[in-house]
Amino acid sequence: MRALVLMLFALLFITITIDFSCGSATIQSNVSCLENERRALIDFKENLTDKANRLRSWVGKDCCTWKGVGCSWRTGHVIKLDLRNPIIPFNRYDDEDYRINKLTGEMSPSFVDLKHLSYLDLSGNLLVSGVDFLGSLKSLRYLNLSYLDLGGKVPRNLGNLSRLQYLDLRGYGFEGPIPDTLGSLTSLTVLDLSFNSFNDTIKEKYFLCNLRSLVYMDLSSTALQGSVPCCFGNHTSLSVLKLRLTDFGGPLPSSMGNMTQLTELDLAYSLFTGEIPNSLRNLRSLRVLDLTENGFTGEFLSSVVGEFKNLERLLISFNHFSGPLPSSLGRLSYLRELDAHSNQLNGSIPVGEFKNLERLVIYDNHFSGPLPSSLGRQSYLRELDAHLNQLNGSIPIGLGQLSNLQMLDLSDNSLDGMVSEKHLATLKSLKELRLYSNSLVINVSSQWVPPFQLQVLRTASCKLGPQFPQWLQTQRHVTHLDMSNASISDIMPDWFELIMSSCFEYLDISNNRIRGKLPKFQMKCNDSGRSLNRELKLSSNKFDGPLSALPSTSILDLSNNLFSGPIPAGDYDVIEGLVLSNNHFSGGIPVSLCNAERISLVDLSKNRLSGKIPHCFGNLGDLYVLDLSSNSLHGHIPSSLGFLRRLEYLHLRNNSFHGELPLSLQNLTDIGTFDLAGNAFTGVIPRWIGDKLHNLVFLSLQSNNFYGGIPVQLCHLSALQLLNLAHNNITGDIPSCFHNFTAMATLELGNSNYSVNSYSRFADSWYEERIPLMIKGRELEYTKTLKFVTSIDVSSNGITGKIPGGLTNLFGLLNLNLSGNHLTGRIPEKIGDMKQLESLDLSRNKLFGSIPHSLSALTYLGHLNLSYNNLSGRIPTGNQLQTLNDLSIYEGNDGLCGAPLMKGCPDDQSADDGDRQVLVSDGNREEDDAELMWFWAGVGPGFVVGLLGVFFTLYFQRKWRYAYFQLIENAYDRIFVAIAVKANWLRQMFHPHR
């Protein structure tokens, strides 16, 4: 598009160029160049350094014949000077040819004598001064100072060039403000200020709105900022507007809809926000619309874009557009490229009416449903990328008819079903096939010969097995192959070595059940001889046997296999990452590994290695991860490890190292994990751990022979999430400053500053840190969730004193284990403030007093052990404690009472206050039943005695007896009469005529 526009603009200068001799003999002139102008050119040449001798023709009297000089055939005046550097590379600083061809020096003051100059191109050179004279060249119509390496500010007197039509200042050379004097260049049709360091706000540059003759304006890659002024709508003749890679932001003004002549609008990689104004539907001449990576929102696709009938390229990725792709897109018959990835688009994919579509890129959205079968009719389609959506169903067979398709990426969806030979039948142009992270089954016959030659094949988590896919042996140009987790259970075929003879860069066949010997990998390209094999991942298979040599590759992962024997000594010059963990390697660590000067990752854990760490390991200055855990290594830690200044992970757990820690380790100031557990280290815990290793996140010195007190300097480790000093000989008190562990006090876990350094580009994908921890009464190995763990474990030592109250300020702590010490005093009353606590073990100490009631507030508590202390009083109830009814939690504390123990408390008495009811537990029910029996035993005889007293009185007192029976008879008569009267009244009511 840029070339097309510039070709149109070239017509503007026909009147100039027809007068040019262009320094050639094809156009003869009866006049020679004027002496004063020839002298000006000579002076200019003498101030320049011309390493490439580009100006060697500048000799003789007739300057009109010199290369790059053009004269008028009528007057002999020099009217054109084209000295542009013929080499304009993408990165001009790294191109030797560009530097050689660059003219350097100053512009001579005599340059002002070229008063009739109308065309000047000095682009791609280095003129450190003298351009201030350019304002005197009033005849200039074309001025190109791009990539001039001039530096400084744009000359203000360029505003004097009132006839100027073309001004190109792009290319990193200018800074400061854009001079307002450029506003007087009202004849400008082309203005290119891109790739400079202007520091204006666009509001200060309203003069740009006055340049109404502009057809092309490029302000890309400048430091201009602010919102686009409404007056930009004045540019009704503008055909190309580029504001790419700027700090322009805010919503687009609706006045931009006045630019009805626009054919290209490029706003990519800026700060625009809001919805696209409806007025943009007036831009019906648009051919290119690039809105990539802004903050645009709304349903722009369904409301506006359908009006752009001539659109050829639509690029709207990395925005917040929503809604479905409308069917009106299919009416854009010229559309060749649609790139709409990383938005919030949804619905199905309506592409049935596209006629010329070549690129369809819609990944990282919310498209759902099946792939439309109409995709098979897009005969021009070269690239289809729909990965990272929510597509489901099977892949339509019609895709196999896209003979021009070069790249197909449907990965990271929910596609299922079978991929057969029909799906791939005529894809003769296919170079890249990505189907990983779906539930697809690739089922082709063993005799099938594909019509394509792939360079990239990624089918991880798709089922290819159980046999090794035979059709792969026909692919001789594969550079990236990922068949991990593909249900392959087979012997590695011999022919696999043949396809590996090409320029492989990535191979991943991990997480299968492939067995046999390791293939021999030829690590050089057939033609160039360069080693391009970058990453080989064969982990989690059943490869076995000893290794004669390791492949000479950048990154090698053979972990979780059955390899045995010694680690081969070989050429480690090119290796950057070596992962051999969880095998059966034996013998010592090869000293030749010290030659791997670029290595960042060494993981030899969980093998049978013996011997010592080579002293030369200190030469590995780029080492980022060193994991030697779970071997049989012994000896002292070499002091040379202190030279590994970039080291962040150090795992020496479960070996037989001994001695004191070398002082040189204090130089490991970037270290985040310091895991020395399960060895025989001695001495006091060094104070420099807290003073120097300020980035520590995980510190484990468990199961060693450290003695002495806990240094208070550890409290300086504000990023610490895990402190494990268990099973040592530590004495003294717990420092009261433990509340300074800021990372343990936060409720937002996993936000540690401990992160992968930029020089370890593969640490996340190739190394998984593992640390075993005793939490909730059992040992668990933490891997992916390790960053969310916060724990303090100082159990099984000789620690004395009280539990510091400040520990209760560690609100984010998940595990606290102080068991097996000699702690005294009470459990802190505010222990209930540690709301995240999941495991608490204070057993086997000398704690006394009652259990704080706040303990019942720990709603996440899943493991509690308070056994074998001197605790007393009632056990708190409520919330999570109701579920912790294991009696062993409280055993060994004779003074405790209440549930869940069988022992009642002295104040367990019932009281009836009229309205209050006392609930009786099952344990006291038998005692209450006995009391109830004695109650009735007393009431029954009393009632009988009272009744007999009444009878004996009536029997011996005649008057009382007569009176009693008379009272009963009178009462009977009154009741009988009342009933009879009532009955007679009722008869009269219901039977009045009787």
Side-chain angles (χ1 to χ4, degrees), residues 504-508 510 518 521 523-524 530-539 547 549-561 563 566-583 585 587-607 609 611-629 631 633 637-652 664-665 667-675 755-770:
F504 253 70
E505 296 182 34
Y506 183 89
L507 171 66
D508 187 352
S510 61
L518 189 69
F521 297 107
M523 293 295 115
K524 293 183 178 180
R530 293 186 300 117
S531 176
L532 287 181
N533 287 67
R534 292 291 181 257
E535 303 176 5
L536 297 179
K537 191 170 185 177
L538 287 74
S539 64
L547 297 178
L550 292 179
S552 180
T553 182
S554 298
I555 303 174
L556 177 64
D557 186 354
L558 303 179
S559 61
N560 300 306
N561 278 285
F563 294 111
I567 297 175
D571 183 6
Y572 291 97
D573 290 348
V574 300
I575 200 162
E576 298 179 31
L578 179 63
V579 183
L580 304 179
S581 60
N582 202 16
N583 280 283
F585 288 113
I589 300 174
V591 178
S592 56
L593 188 58
C594 299
N595 298 327
E597 296 182 356
R598 295 188 296 173
I599 199 166
S600 296
L601 165 62
V602 174
D603 184 358
L604 308 179
S605 61
K606 294 185 178 181
N607 280 287
L609 299 175
K612 300 180 179 181
I613 300 177
H615 286 276
C616 60
F617 260 36
N619 299 335
L620 307 178
D622 287 336
L623 200 61
Y624 171 74
V625 178
L626 178 59
D627 192 342
L628 305 176
S629 58
N631 280 285
L633 300 169
I637 295 181
S639 59
S640 60
L641 292 190
F643 295 119
L644 305 179
R645 299 297 182 93
R646 292 184 171 179
L647 197 67
E648 288 199 17
Y649 298 85
L650 178 60
H651 289 274
L652 303 179
S664 62
L665 295 186
N667 298 324
L668 306 181
T669 54
D670 283 342
I671 200 163
T673 296
F674 198 44
D675 185 3
S755 60
V756 178
N757 279 345
S758 58
Y759 48 79
S760 183
R761 59 184 173 86
F762 50 81
D764 273 341
S765 58
W766 290 86
Y767 176 70
E768 184 174 71
E769 188 175 23
R770 304 173 297 272

Participant: How close do Leu668 and Leu647 get, counting heavy atoms only, and between which atoms?
Facilitator: CD1-CD2, 4.2 Å

Participant: Within the structure provided, determine whether Val602 and Leu623 are in side-chain contact (heavy-atom separation under 4.5 Å).
Facilitator: yes

Participant: Let's go through Ser629 and Arg770 carefully: what are the C-alpha distance in whole Å and the side-chain angles of both, what is the deciding distance for side-chain hydrogen bond (donor to acceptor under 3.5 Å, both in side chains) to 0.1 Å, and is it a yes or a no?
Facilitator: CA-CA 10 Å; Ser629 58; Arg770 304 173 297 272; 5.1 Å; no

Participant: Stepwise, does the side chain to side chain contact (heavy atoms under 4.5 Å, CB included) test hold for Glu648 with Thr673?
Facilitator: CA-CA 6 Å; Glu648 288 199 17; Thr673 296; over 6 Å; no

Participant: Working to the nearest 0.5 angstrom, can you tell me the gap between Leu620 CG and Tyr572 OH?
Facilitator: 12.0 Å

Participant: Looking only at heavy atoms, what is the nearest atom pair of Gly642 and Asn667, with distance?
Facilitator: O-CB, 3.3 Å

Participant: For Tyr767 together with Tyr624, are the ring centres under 6.0 Å from each other?
Facilitator: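 No - the distance between ring centres of Tyr624 and Tyr767 does not fall below the 6.0 Å cut-off.
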
Participant: Looking only at non-hydrogen atoms, find the nearest pair between Ser664 and Ser639 and report the distance.
Facilitator: OG-O, 2.6 Å

Participant: For a side chain to side chain contact (heavy atoms under 4.5 Å, CB included) check, start with the C-alpha distance between Leu650 and Leu644, then their side-chain angles and the critical distance, and finish with the verdict.
Facilitator: CA-CA 10 Å; Leu650 178 60; Leu644 305 179; over 6 Å; no

Participant: Looking at His651 and Glu769, what are the two nearest heavy atoms and their distance?
Facilitator: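 For His651 and Glu769, the tightest heavy-atom pair comes out as NE2-OE2, 3.0 Å.
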
Participant: What's the spacing between Leu626 CG and Ser600 OG if we round to 0.5 Å?
Facilitator: 12.0 Å

Participant: Does the side chain of Pro551 reach to within under 4.5 Å of the side chain of Leu536, using non-hydrogen atoms?
Facilitator: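 SC-SC contact between Pro551 and Leu536 confirmed.
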
Participant: Restricting to non-hydrogen atoms, name the atom on Asn631 and the atom on Lys606 that form the minimum distance, rounded to 0.1 Å.
Facilitator: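 Answer, listing the atom of Asn631 first, then Lys606: ND2-N, 4.0 Å.
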
Participant: Distance from Ser554 atom OG to Ile599 atom CD1, nearest 0.5 Å?
Facilitator: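 Taking OG in Ser554 and CD1 in Ile599, the distance rounds to 10.5 Å.
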
Participant: CD1/Ile555 to OG1/Thr553 distance, rounded to the nearest 0.5 angstrom?
Facilitator: 7.5 Å

Participant: Could you go step by step and tell me if Leu601 and Tyr649 meet the side chain to side chain contact (heavy atoms under 4.5 Å, CB included) rule?
Facilitator: CA-CA 9 Å; Leu601 165 62; Tyr649 298 85; over 6 Å; no

Participant: So do Cys594 and Phe617 actually touch side chain to side chain, heavy atoms under 4.5 Å?
Facilitator: yes

Participant: Any side-chain heavy atom of Glu597 sitting closer than 4.5 Å to one from Asn619?
Facilitator: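 With C-beta onward as the side chain, the pair stays apart.
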
Participant: List the steps, then state whether side chain to side chain contact (heavy atoms under 4.5 Å, CB included) holds for Leu652 with Ile613.
Facilitator: CA-CA 10 Å; Leu652 303 179; Ile613 300 177; 4.2 Å; yes

Participant: Between Asn583 and Asn607, what is the shortest heavy-atom contact and its length?
Facilitator: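 Shortest heavy-atom contact: C-OD1, 3.0 Å.
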
Participant: Nearest 0.5 angstrom please: Leu550 CG to Phe563 CZ, how far?
Facilitator: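 CZ of Phe563 is found 9.0 Å from CG of Leu550.
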
Participant: Does a side-chain heavy-atom distance below 4.5 Å link Leu518 with Asn561?
Facilitator: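 Sidechains of Asn561 and Leu518: no contact.
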
Participant: Can you measure from CG (Leu580) to CG (Leu556) and round to the nearest 0.5 angstrom?
Facilitator: 6.5 Å

Participant: Can you name the one residue among Val579, Ile567, Asp627 that meets side chain to side chain contact (heavy atoms under 4.5 Å, CB included) with Leu604?
Facilitator: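 Result: among Val579, Ile567, Asp627, Ile567 is the only option passing the side chain to side chain contact (heavy atoms under 4.5 Å, CB included) with Leu604.
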
